[in-house]
J.: 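First, the structure itself, so that you have it in front of you.
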Amino acid sequence: MFATILQSLPQVLIDGLALGAIYAVVALGYTMVYGILELINFAHGEIFMTGAFVGTAVLFLFQGFGLLGGLPAWLSYVLIIFVAMMVTGALGVGIERVAYRPLRKAPKLISLISAFGVSFVLQDLIRFIAELKTGNFIVSTPSLFDGRIDLPLSSVSGAFTDTSIKTNTIFILIIAVLLMVGLDLFVNRTKWGVAMRAVAQDRETASLMSINVNKVIVLTFFIGSALGGSTGVLFAQQYGTIDPYIGFILGMKAFTAAVLGGIGNIRGAMFGGIVIGVLEMFASANLGLLTDGNFGAEYKDVFAFMILIIVLIFKPEGLFGKAVKEKV
């Protein structure tokens with residue numbers, strides 16, 4: 001059994017890193033909003049889903065105008081991601097203005113209910129538009145990168161089998177790393193980043209120090225939602241099929257990643273996303289083997305939520321988070 005698990009391990013790691021990178025970038029949206037407002041934006045998964053549909057719509061538009069053949073695939077990919085980021089960033093700002101700002105001084109439960117309401121509205125709205133345009137709410141996304149790179153690992157060690165990596169997986173990892181590093185530098189090295197950290201630490205005191213709290217919150221929603229939209233495009237290209245409900249379960253796993261790393265901690269969210277992705281792929285590939293066929297790959301989702309329960313029981317502040325005492 002151990003030999004079989006070891007043989008498939010390289011492919012599991014490759015696929016897990018790709019999925020984990022998507023979880024990590026989506027988790028950043030959760031952790032940024034929570035760090036500023038102490039609000040769990042459960043509509044963030046649907047913003048991710050909207051980004052997937054916007055990116056696919058732009059891709060179909062490019063095909064209709066014959067632009068895909070005239071532009072390099074990587075350039076088309078970047079342009080589609082940019083459009084999706086702008087649309088979902090603006091959507092996030094609109095959601096904050098309409099659904100969250102009027103409730104900023106209300107009990108946290110009211111804002112949470114509002115977030116769920118926005119989530120359902122986005123699901124049904126995207127479903128209505130998709131069915132109106134295509135006749136079906138399940139949409140297949142054309143792939144910009146179809147190639148695979150073979151990795152002859154068996155020649156390195158007999159313990160491994162030959163594996164391969166999709167060209168799109170390499171692009172996902174590059175884009176995800178650029179987004180995560182860019183956000184980290186923005187938060188830690190820029191004036192707006194300093195303002196965001198100040199508002200996260202103490203909103204009232206920050207406002208007394210000439211920081212426009214509303215602008216910082218709007219910027220936070222824009223960046224977090226733009227990141228979610230970009231990963232929607234990456235997801236659509238990697239897995240080829242999208243529907244209006246992909247955001248719910250993926251959003252919950254990304255939220256789990258944020259909790260695992262420490263909700264409100266940006267680097268923790270990155271780490272948590274990678275861990276969840278790799279563990280999920282490991283479970284998908286080996287769960288049947290480990291349980292003598294009693295549990296199949298369909299139980300892989302249980303792993304993420306088991307981790308969430310364990311973390312909440314033993315270390316509710318997360319691996320990189322800090323315990324915060326309630327103000328009396």
Side-chain angles (χ1 to χ4, degrees), residues 18-19 21-30 33 41-65 67-68 71 73 75-96 98-99 115-146 168-169 171-172 175-176 179 221-255:
L19 182 61
I22 292 174
Y23 288 159
V25 180
V26 177
L28 291 175
Y30 283 105
V33 171
N41 180 20
F42 276 116
H44 190 61
E46 275 56 52
I47 292 174
F48 155 84
M49 175 271 297
T50 303
F53 273 90
V54 170
T56 302
V58 174
L59 182 56
F60 285 143
L61 194 63
F62 279 13
Q63 281 186 330
F65 284 104
L67 296 177
L68 288 182
L71 294 175
L75 182 57
S76 298
Y77 212 144
V78 170
L79 288 174
I80 290 168
I81 290 174
F82 177 77
V83 173
M85 290 179 75
M86 293 301 103
V87 172
T88 54
L91 177 63
V93 171
I95 290 172
E96 188 277 330
V98 173
F116 279 116
V118 171
S119 175
F120 292 133
V121 168
L122 285 176
Q123 284 181 6
D124 288 338
L125 180 62
I126 295 298
R127 175 169 180 161
F128 173 78
I129 294 173
E131 288 185 329
L132 188 66
K133 294 296 182 182
T134 66
N136 190 356
F137 66 84
I138 301 175
V139 178
S140 296
T141 303
S143 179
L144 288 167
F145 293 118
D146 293 321
N168 189 69
T169 299
F171 199 82
I172 283 178
I175 292 295
L179 290 173
F221 269 89
F222 180 85
I223 294 175
S225 300
L227 290 173
S230 68
T231 47
V233 177
L234 299 178
F235 179 92
Q237 283 293 303
Q238 182 73 354
Y239 299 105
T241 303
I242 56 174
D243 65 72
Y245 306 106
I246 59 172
F248 176 75
I249 189 68
L250 190 140
M252 290 300 294
K253 291 177 183 177
F255 171 67

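For the single chain, residues carry numbers from 1 onward in sequence order. Everything quoted here is computed from the prediction, not taken from an experiment.
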J.: Are side-chain heavy atoms of Leu122 and Leu91 found at a separation under 4.5 Å?
T.: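 Yes - at least one pair of side-chain heavy atoms lies under 4.5 Å apart.
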J.: Could you walk me through whether Ile246 and Asp243 pass side-chain contact (heavy atoms from CB on, under 4.5 Å), step by step?
T.: CA-CA 6 Å; Ile246 59 172; Asp243 65 72; 3.6 Å; yes
J.: Which heavy atom of Phe171 sits nearest to which heavy atom of Val78, and what is that distance?
T.: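 Scanning both residues completely, I find the closest heavy atoms to be CZ-CG2, 4.1 Å.
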J.: Could you check if a side-chain atom of Ile47 sits within less than 4.5 angstrom of a side-chain atom of Ile95, using non-hydrogen atoms only?
T.: yes
J.: Going through the distances and angles, do Leu250 and Val26 end up as a side-chain contact (heavy atoms from CB on, under 4.5 Å)?
T.: CA-CA 9 Å; Leu250 190 140; Val26 177; 4.0 Å; yes
J.: Is the count of non-hydrogen atoms from other residues, nucleotides or ligands lying under 6.0 Å from Phe248 atom CZ greater than 12?
T.: no
J.: Would you compute the distance between atom CD of Glu131 and atom CZ of Phe137 and round it to the nearest 0.5 angstrom?
T.: 6.5 Å
J.: Which heavy atom of Ala43 sits nearest to which heavy atom of Ala115, and what is that distance?
T.: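 The answer is CB-O, 3.7 Å.
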J.: Walk me through whether Ile126 and Met49 qualify under side-chain contact (heavy atoms from CB on, under 4.5 Å).
T.: CA-CA 9 Å; Ile126 295 298; Met49 175 271 297; 3.6 Å; yes
J.: Distance check, rounded to the nearest 0.5 Å: Met252 atom CE versus Tyr23 atom OH?
T.: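 With rounding to 0.5 Å, CE (Met252) is 12.0 Å from OH (Tyr23).
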J.: Do Phe235 and Ile172 touch side chain to side chain, with heavy atoms closer than 4.5 Å?
T.: no
J.: side-chain contact (heavy atoms from CB on, under 4.5 Å) between Tyr239 and Leu19: does it pass, once the steps are laid out?
T.: CA-CA 10 Å; Tyr239 299 105; Leu19 182 61; 3.5 Å; yes
J.: Apply the side chain to side chain contact (heavy atoms under 4.5 Å, CB included) test between Phe53 and each candidate in Val233, Ile129, Val87, Val139; give the one that qualifies.
T.: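 Among Val233, Ile129, Val87, Val139, the one meeting side chain to side chain contact (heavy atoms under 4.5 Å, CB included) with Phe53 is Val139.
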J.: Assign the ring pair His44 / Tyr30 to parallel, tilted or perpendicular, where the plane angle (0 to 90°) is split at 30° and 60°.
T.: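 Rings of His44 and Tyr30: perpendicular, as their planes differ by over 60°.
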J.: Nearest 0.5 Å please: distance from the CZ atom of Phe120 over to the CG atom of Leu125.
T.: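 So the gap between those two atoms works out to 15.0 Å.
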J.: Are any non-hydrogen side-chain atoms of Leu59 and Leu144 less than 4.5 angstrom apart?
T.: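 The answer is yes, as the side chains (C-beta and beyond) meet within the 4.5 Å cut-off.
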J.: With side chains defined as the heavy atoms from C-beta onward, is the minimum distance between Tyr245 and Glu46 less than 4.5 Å?
T.: no
J.: Can you find a side-chain donor-acceptor pair between Thr169 and Gln238 that sits under 3.5 Å?
T.: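 Yes, Gln238 and Thr169 have a side-chain donor paired with an acceptor closer than 3.5 Å.
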J.: Please find the pair of heavy atoms, one from Pro142 and one from Gln237, that lie closest to each other, and give the distance.
T.: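 Where Pro142 meets Gln237 most closely, the heavy atoms are O-NE2, 2.9 Å.
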J.: Under 3.5 Å, is there a donor-acceptor pair between the side chain of Ser225 and the main chain of Phe221?
T.: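 Here the side-chain-to-backbone pair exists.
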J.: For Ser230, run the side chain to side chain contact (heavy atoms under 4.5 Å, CB included) check against Thr88, Ile81, Ile175 and tell me which one passes.
T.: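 Among the candidates, only Ile81 passes.
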J.: If I take atom CD from residue Glu96 and atom CG from residue Asn41, how far apart are they, to the nearest 0.5 angstrom?
T.: 10.0 Å
J.: So, Phe42 versus Phe255, ring centres under 6.0 angstrom or not?
T.: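 Yes, the ring centres sit under 6.0 Å apart.
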J.: Using a cut-off of 6.0 Å, state whether more than 12 heavy atoms not belonging to Phe82 lie near its atom CZ.
T.: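 Counting other residues, nucleotides and ligands, CZ of Phe82 stays at 12 neighbours or fewer.
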J.: To the nearest 0.5 Å, tell me how far Thr50 OG1 sits from Ile242 CD1.
T.: 10.0 Å
J.: What are the two closest non-hydrogen atoms of Ala84 and Gly55, and how far apart are they?
T.: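 Closest approach of Ala84 to Gly55: CB-N, 4.4 Å.
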